[in-house]
Amino acid sequence: MPNRLINETSPYLLQHANNPVDWYAWGEEALSRAKDEDKPILLSIGYSACHWCHVMERESFEDDAIASLMNSNFVNVKVDREERPDLDAVYMEAVQMLTGSGGWPMTVFLTPDGKPFYGGTYFPPSDRMNMPGFPRILLAVTEAYRTNRGEVERVTAQLTEQMGRSGQFPESNNLLSAEILHEAYSRLAGNFDYQNGGFGAAPKFPQPMTPEFLLRYYHQGYNPRALDMVELTLQKMAYGGMYDQLGGGFHRYSTDAFWLVPHFEKMLYDNALLARLYLHAYQITGDALYLRITIETLEYVLREMTDSLGGFYSAQDADSEGVEGKFFVWSPEEIRQVLGEYEGNLVGGFYGVSDAGNFEGSNILNIPQSLEAFALEHGIGEELLESVISRSKPRLLAEREKRIHPFKDDKVIASWNGLMLRAFAEAGAALKRPDFLAAAVANATFLHERMFQDGRLLRTYREGQSKLDGYLEDYACVIDGYIALYEATFERLWLDRAVELADIMIELFWDEGIGGFYDTGIEHESLVTRPRDVFDNAQPCGGSVASEALLKLAVFTGNEDYNLKGAKPLRTLSRFFSQAPGGAAYWLGVLDFYVSLPKEIAIFGKKDDAETQNLVDEVFSRYLPNKVVVGSLDAAGAEQGEDPGENSAREIPLLAGRGMIGGKAAAYVCQNYVCQLPVTDPTALAEQLSR
């Protein structure tokens, strides 16, 4: 008999719809019942690609005896953290304060008015080593709530008094300068793994925003070792098992320090951020490896993670057939059956496949040797080996497609789509890939038509239904994506939509008292505390993306209020950037944009004209992280000083009074309040951009 979750749209909640637990979704019905019956709330938070969430479901939530304990003593609420990051943030803070750590599945016990008094993460179904079994926890919490209410109230008062303080910082009067970047770099360099790449020890997360900051640091000419750190990391990740060598795209993280054994789920936001990172590394170095990884990652998203309407799906699970990684691993015999004896052994050897295996008796494909070294060791020509590897990949991929696939979470999340929108827009412009640009346009259209309703951006979409108030991260990331798409296409529509969302974002989320943005809007339901996460974790926080977007829009529009609100959080949080750079990597990129003064580039020409395209390519083929690009590309073009026409965003100050030169496409470059002479030749433009 299904429980109430059968009426939800979240795939994660639907996975629990047939549990014997009397689950509620978060909402007034559950809260009212808890108050009416004076029962504590058992809040369980997880997400669809979470391996241990599935384990706890199988062990406890599908067990009739444990479910009976839950149903008798609690009002049970199940939450998808990807739908409700506000609840996740609020109660994760409580769990961390109670236990010193956090993670998912998260289990929190609340009073009927939503105040936390006990919590943890995964609990086994019976006592195990030093871990109490879930039934023991349920009985102990029930007894405490019934017989020791005073202690429960003391704990809730203590917790709620402290909660929310992590997002509060005293405003600093320090000048914003590159010195903060230098201090951050020094701390990061001290924590770098110079043997394996990345930061710290196992488990090792890709942390793409930190290498992005290091690329900026190198680009500014501060220290060439910053690029070495990035390249070592990107190469180790690309050759390791964390990268899907056949299908493209990255798994969530590596369980070891060597990037070999991943946690096999694939998340949309990881792949959005990593695709951009590899693209930027390619723009700097010209290394074909980085180009290949960029293209394969985005093609994976198009092939497996894109809705027919243009939305991007959220995640793919780690498990298939109840076994983690089963879909992705191989035996030597399986490869030989597809490729034949000779090529099977050759390709298997190249990908580190052995009879012993490297993961629970099977093999995660990885590249332990370079193609050159492997060819030399096996006495085969490099071109021949490359040809064999190249033609083997689609054959192995086709064979893999016959397997039972991991579960796919096909809900669309606005913020994650904004991140991927920017990745496709940037790659489409930089690599001259019309299919990537088409995907970006389709996604931007989808976000506006399906997820923007009654003047508000919504959080999620699935099977025709959009719902839940958008959070700060949703507005900020979608604005950021629209800006990138405007720069890639010069279509005024996307800049207009970015401005529209920015004004709504300021109205809903800005708070002058804290000098920044809250994560929930003024129209959002009241929680124990109003969340404000200022840390860049697996993805950038809403505040850092919002600041970057507003600083860019200030240049596009000349709106000084955007500039002030974009810069103020930088001042408020600046001490934290240098002290904890691993949690502020996106912020550091925003600070670099602010203190370096971006290049302002305007391009005029006839649409689809080769001369115009040559200028555009010169801009987008190179790594210029601190730039703002505008353009007027219409069928007729416009001479300098003429009205550039309806489609040119004539309110953009950078376009005012400018145009083509002598009938030729022209580019204008300004920086630090100084403009260089307009140029019509790509070589001359390259010289200006390189200064």
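Note that the structure is predicted; figures quoted are calculated from it, not measured.
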Problem set entry | Main-chain N/O of D88 paired with R81 side-chain donor or acceptor, under 3.5 Å | no
Exercise. Checking side-chain contact (heavy atoms from CB on, under 4.5 Å) for the pair L274/L234: CA distance, chi angles, key distance, verdict?
Worked result: CA-CA 9 Å; L274 286 164; L234 298 195; 5.6 Å; no
For this session: Rounded to the nearest 0.5 Å, what's the gap from CG on L181 to CG on L214? Could you check?
Result: 11.0 Å
Exercise. Donor-acceptor pair, S390 side chain versus S387 backbone, under 3.5 Å?
Worked result: no
Exercise. Got more than 12 heavy atoms from elsewhere within 6.0 Å of CZ, R225?
Worked result: no
Problem set entry | E299/R433 salt bridge by N-O under 4.0 Å criterion | yes
Exercise. Is a side-chain donor or acceptor of T297 paired with a backbone partner of N271 at a separation under 3.5 angstrom?
Worked result: no
For this session: Begin with the C-alpha distance, continue with both residues' side-chain angles, and end with the deciding distance and a verdict on side-chain contact (heavy atoms from CB on, under 4.5 Å) for I335 and N363.
Result: CA-CA 11 Å; I335 293 177; N363 291 273; over 6 Å; no
Problem set entry | Student check: side-chain heavy atoms of S314 and Y47 closer than 4.5 Å | no
Exercise. Of F213, Y185, Y217, which meets ring pair (Phe, Tyr, Trp, His ring centres under 6.0 Å) against Y222?
Worked result: Y217
Problem set entry | Reported OH-to-CZ distance for the pair Y486 and F556, which is rounded to 0.5 angstrom | 6.5 Å
For this session: Of all the heavy-atom pairs spanning G241 and H251, show the shortest one and how long it is.
Result: O-CD2, 3.5 Å
For this session: Would you check, one step at a time, whether the test ring pair (Phe, Tyr, Trp, His ring centres under 6.0 Å) holds for F424 with F312?
Result: CA-CA 11 Å; F424 272 107; F312 300 125; 5.4 Å; yes
For this session: Using atom types as modelled and distance alone, determine if a side-chain donor or acceptor of S254 lies under 3.5 Å from a backbone N or O of K204.
Result: no
Problem set entry | Under 3.5 Å donor-acceptor, S466 side chain and R450 backbone | yes
Exercise. More than 12 heavy atoms of other residues, nucleotides or ligands under 6.0 Å from CD of E386: is that the case?
Worked result: no
Exercise. Is there a donor-acceptor pair under 3.5 Å between the side chain of T306 and the backbone N or O of V301?
Worked result: yes
Problem set entry | Residue pair A549 / I483: nearest heavy atoms and the distance that separates them | O-CD1, 3.8 Å
Problem set entry | No-hydrogen, no-angle side-chain donor-acceptor test under 3.5 Å, H54 and D317 | yes
For this session: Indicate yes or no for a side-chain donor-acceptor contact from R403 to the backbone of F327 under 3.5 Å, with no hydrogens or angles considered.
Result: yes
Exercise. Going from OG on S10 to CD on Q15, what distance comes out if it is rounded to the nearest 0.5 angstrom?
Worked result: 8.0 Å
Seminar exercise, completed: Closest non-hydrogen atoms of V534 and W587, given as atom of the first, atom of the second and distance, are O-NE1, 2.8 Å
For this session: Please tell me if the side chains of Y269 and I413 come closer than 4.5 Å, counting only heavy atoms from C-beta onward.
Result: no
Seminar exercise, completed: CG (L447) and CZ (F452) are apart, to the nearest 0.5 Å, by 11.5 Å
For this session: Step by step, work out the ring pair (Phe, Tyr, Trp, His ring centres under 6.0 Å) result for F264 and F359.
Result: CA-CA 12 Å; F264 285 92; F359 177 70; 5.4 Å; yes
Problem set entry | Ion pair K393/E296, N-O distance below 4.0 Å | yes
Exercise. Does the side chain to side chain donor-acceptor pair (under 3.5 Å) test come out yes or no for R84 and Y471, once each step is laid out?
Worked result: CA-CA 9 Å; R84 294 298 303 263; Y471 298 93; 3.0 Å; yes
For this session: Check the surroundings of atom CD in E383: do more than 12 heavy atoms from other residues, nucleotides or ligands lie under 6.0 Å from it?
Result: no
For this session: Compute the centroid of each ring, for Y623 and then for Y218, and state whether the two points are separated by less than 6.0 Å.
Result: no
For this session: Could you check if a side-chain atom of F205 sits within less than 4.5 angstrom of a side-chain atom of D270, using non-hydrogen atoms only?
Result: no
Problem set entry | Heavy atoms from other residues, nucleotides or ligands near CZ of F436 exceed 12 (cutoff 6.0 Å) | yes
For this session: Before accepting this row, confirm whether a basic side-chain N of the pair K236/D193 lies closer than 4.0 Å to the acidic partner's carboxylate O.
Result: no
Exercise. Is a salt bridge present between D244 and R400, judged by a nitrogen-to-oxygen distance below 4.0 Å?
Worked result: yes
Problem set entry | Heavy-atom closest contact (A439 atom, L302 atom, distance) | CB-CD2, 3.6 Å
For this session: Just grab all the salt bridge (Lys or Arg N to Asp or Glu O under 4.0 Å) pairs involving residues 272-291, residues at least two apart or on different chains.
Result: R276-E426
For this session: Using the ring of F328 (Phe, Tyr or Trp, six-membered ring only), decide whether K266 places NZ or CZ under 6.0 Å from its centre and within 45 degrees of its axis.
Result: no
For this session: Check step by step if side-chain contact (heavy atoms from CB on, under 4.5 Å) holds for V478 and L421.
Result: CA-CA 8 Å; V478 172; L421 166 58; 5.6 Å; no
For this session: Show your reasoning for whether side chain to side chain donor-acceptor pair (under 3.5 Å) applies to Y586 and E548.
Result: CA-CA 9 Å; Y586 202 95; E548 181 185 47; 2.4 Å; yes
Problem set entry | Sidechain N-carboxylate O distance under 4.0 Å for E360, K326 | no
Problem set entry | Donor-acceptor pair, side chain of R395 and main chain of V338, under 3.5 angstrom | yes
Exercise. Is there side-chain contact between V347 and L396, with at least one heavy-atom pair below 4.5 Å?
Worked result: yes
Seminar exercise, completed: What one should report as the nearest heavy-atom pair of R622 and S690 is NH1-OG, 3.1 Å
For this session: Using only heavy-atom distances, determine whether the side chains of N366 and W259 contain a donor-acceptor pair under 3.5 Å.
Result: no
Problem set entry | Minimum side-chain heavy-atom gap T9-E463 below 4.5 Å | no
For this session: Hey, could you give me the CD1/CG distance between I293 and L298, rounded to the nearest 0.5 Å?
Result: 11.0 Å
For this session: May I ask you to decide if A315's main-chain N or O and D409's side chain share a donor-acceptor pair within less than 3.5 Å?
Result: no
Exercise. Between L419 and P540, is any pair of side-chain heavy atoms under 4.5 Å apart?
Worked result: yes
For this session: Tell me yes or no: between the side chains of H280 and E212, is some donor less than 3.5 Å from an acceptor?
Result: yes
For this session: Could you pull out the closest heavy-atom pair between G352 and N358, with the gap in Å?
Result: O-ND2, 4.0 Å
Exercise. Heavy-atom distance under 4.5 Å between the side chains of Y461 and N417, does that happen here?
Worked result: no
Exercise. Thinking salt bridges, do K627 and E487 make one under a 4.0 Å N-O criterion?
Worked result: no
For this session: Before giving the answer on side chain to side chain donor-acceptor pair (under 3.5 Å), spell out for Y290 and Q235 the whole-Å C-alpha distance, their side-chain angles and the decisive distance to 0.1 Å.
Result: CA-CA 8 Å; Y290 308 144; Q235 290 165 14; 3.1 Å; yes
Exercise. Is the backbone N or O of Q613 less than 3.5 Å from a side-chain atom of E618, with the two atoms forming a donor-acceptor pair by type?
Worked result: no
Exercise. Looking at E83 and R462, does any basic side-chain N land under 4.0 Å from a carboxylate oxygen?
Worked result: no
Exercise. With a 4.5 Å heavy-atom cut-off, do D533 and L472 have their side chains touching?
Worked result: no
For this session: Take F350 and L371 through the test side-chain contact (heavy atoms from CB on, under 4.5 Å) and record every step on the way to the result.
Result: CA-CA 8 Å; F350 179 75; L371 186 139; 4.2 Å; yes
